[in-house]
Amino acid sequence: MLTHALIGDEGKTIELGWQGGRRTRFHAMWLRDNALDDKTRSAGNGQRLVTILDIPAETRIGAAAIKGGALEVSFVPEGKTVSFPAQWLSANAYDRDELREPGWTGDIIQRWTKATMQNSVPRASYKAAFHGRGVLREWLSAVRTYGFAVMDGLPAESGALCKVSDLFGYIRETNYGRWFEVRAEVNPNNLAYTNLGLQAHTDNPYRDPVPTLQILACIENTVEGGESSVVDGFAAAAALQAENPEGFRLLSSCPARFEYAGSSGVRLQAKRPMIELGPDGELICIRFNNRSLAPVVDVPFADMDAYYAAYRRFAELIEDPAFEVTFKLQPGQAFIVDNTRVMHARKAFSGTGKRWLQGCYADKDGLLSTLAAIEHSFKEAAE
Ligand code: NM2
Ligand code: OGA
Ligand code: ZN
């Protein structure tokens, strides 16, 4: 509920008062650019019809009034009057003064450890998710909040993992194929295709952009060992930052190098930090993979000792059982990880029995889009 609108800075800004005492300022230029009228945005698809150059640089607010739960603003020199719903203004307010520490994440992200996660692994049956939008919403929402989820009740057959990606988006095809067989091979082109244990890692850090989701589905698993585990990289990074801020700073500000050149005709290379922050310090991506780390050459000589100490400590935290959630995939089960956040590992397995997994990559933008669309439709239905 708006209580007042006060034009300031000779019309360059406006201060809005809200019931309860909150105040939020807006700029005339910002409001004009975000006008909701059908000359500014297409009524059909919501896309903006004008460019910044169509808006006069000297744009000011000439007059403003609160009218029935909306703010009405007249812009000069255009002489254009636009109405902004109060709810829209509240949802899009940018006038905040809280300072965010490097490594911050949004409220939707919840970090986890073994203690908080082992007995509450997010899980859905494929049938229930396929037939029920509510179940699918919960499952996708768990991927957004925790960075992983398990799905069971899939057919234990080749290609079943595509049913999982079909629920929300599209497979990202790579040099490994649309999907790949994960089983012990003779002359493997990747250590994943052996019976060796794999340290917790994110996949394909040598790719830019990295695949942001990975799905691993189990068709057969009668070996001894071969358990899967997942580790919240955001939780491990926060632990590193808490005990060694300088180490966190080095891993997040110096690029690492990653490379894969295990099969002929392929030389994938990327130059990215192990802990990536966005321009506003938001923690956005973990890249961690001992098999694919290339010589790191972008750390100042004077910092290399400290860089390696931080890398070691990060690895210790990632291997700390307190951060690790473990399960053994059964035929017909799959799990999905946010490959920008949650690391996955597997224990070594024996030569007797058979272990056959299939994996594929997909992308989080599509998953988040499907989730947002379901949430939007549920909200509309409730209104
Ligand atoms: N595979 C399973 O990122 C990696 O190199 C991990 C990827 C071969 C597609 C393994
Ligand atoms: C992979 C991988 C784990 C497993 O293929 O990327 O990490 O359980 N595999 O085999
Ligand atoms: Zn992997």
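No hydrogens, no waters, no symmetry mates; every other heavy atom, side chains included, goes into these values. In each ligand, atom 1 is the first atom listed, and ligand 1 is the first ligand listed. Keep in mind that this is a model prediction, so the values were computed, not measured.
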Give a yes or no on whether the ring-centroid distance for [X] and [Y] is below 6.0 angstrom.
X	Y	answer
Phe26	Tyr94	yes
Trp139	Tyr126	no
Tyr206	Phe258	no
Phe288	Phe314	yes
Tyr307	Phe301	no
Tyr146	Phe234	no

Can you sort out which atoms of ligand 1 are near [X], meaning under 4.0 Å from one of its heavy atoms?
X	value
Ala192	2 (C), 10 (C)
Phe180	2 (C), 9 (C)
Asp203	3 (O), 6 (C), 7 (C), 10 (C)

- Message: Between His344 and Asp203, is the side chain to side chain donor-acceptor pair (under 3.5 Å) condition met? List the steps.
- Response: CA-CA 9 Å; His344 59 285; Asp203 262 42; 2.9 Å; yes

Contact atoms of ligand 2, heavy-atom distance to [X] under 4.0 Å:
X	answer
Val182	5 (O), 10 (O)
Leu198	2 (C), 7 (O), 9 (N)
Ala192	5 (O)
Leu357	4 (C), 8 (O), 10 (O)
Asp203	6 (O)

- Item | Every N, O or S from the protein that is nearer than 2.8 Å to the Zn ion (ligand 3) | His201 NE2, Asp203 OD1, His344 NE2

- Does the N or O separation between Tyr361 and ligand 2 drop below 3.5 Å for any pair? no

- Task: May I ask you to check if ligand 2 and His201 share an N or O to N or O distance below 3.5 Å?
- Result: yes

- Note on the structure: Looking at Asn204, Asn175, Asn339, the heavy atom closest to atom 3 (O) of ligand 1 belongs to Asn204

- Message: I'd like the name of whichever of Glu181, Arg291, Lys347, Gln214 reaches closest to atom 1 (C) of ligand 2 through any heavy atom.
- Response: Gln214

Answer with side chain, backbone, both or neither: which part of [X] has a heavy atom less than 4.0 angstrom from an atom of ligand 1?
X	answer
Tyr206	side chain
Tyr361	side chain
Asn190	side chain

- Item | Residue pair Glu227 / Arg346, side-chain heavy-atom distance below 4.5 Å | no

- Message: In the structure I gave you, are the side-chain heavy atoms of Asn189 and Tyr260 within less than 4.5 Å of one another anywhere?
- Response: yes

- Relative to each other, are the rings of Tyr308 and Tyr311 parallel, tilted or perpendicular (30° and 60° limits)? perpendicular

- Query: According to the interplanar angle, ranging from 0 to 90°, do the rings of Phe180 and Tyr193 count as parallel (below 30°), tilted (30 to 60°) or perpendicular (above 60°)?
  - Reply: tilted

- Task: Please report the C-alpha distance between Asn204 and Tyr361 in whole Å, then the side-chain angles of each, then the deciding distance to 0.1 Å, and finally whether the side chain to side chain donor-acceptor pair (under 3.5 Å) criterion is met.
- Result: CA-CA 10 Å; Asn204 292 205; Tyr361 301 116; 3.0 Å; yes

- Message: Check this for me, if you would: do Asp37 and Lys80 make a salt bridge, where the nitrogen-to-carboxylate-oxygen distance has to be below 4.0 angstrom?
- Response: yes

- Task: Give the intermediate values and the outcome of side chain to side chain donor-acceptor pair (under 3.5 Å) for residues Glu324 and Ser229.
- Result: CA-CA 6 Å; Glu324 178 188 66; Ser229 38; 3.3 Å; yes

- Task: Could you establish whether Tyr260 and ligand 1 come within less than 4.0 Å of each other, counting only heavy atoms on the residue side?
- Result: no

- Message: Give me the residue, atom name and distance of the protein heavy atom closest to atom 8 (O) of ligand 2.
- Response: Arg355 NH2, 2.7 Å

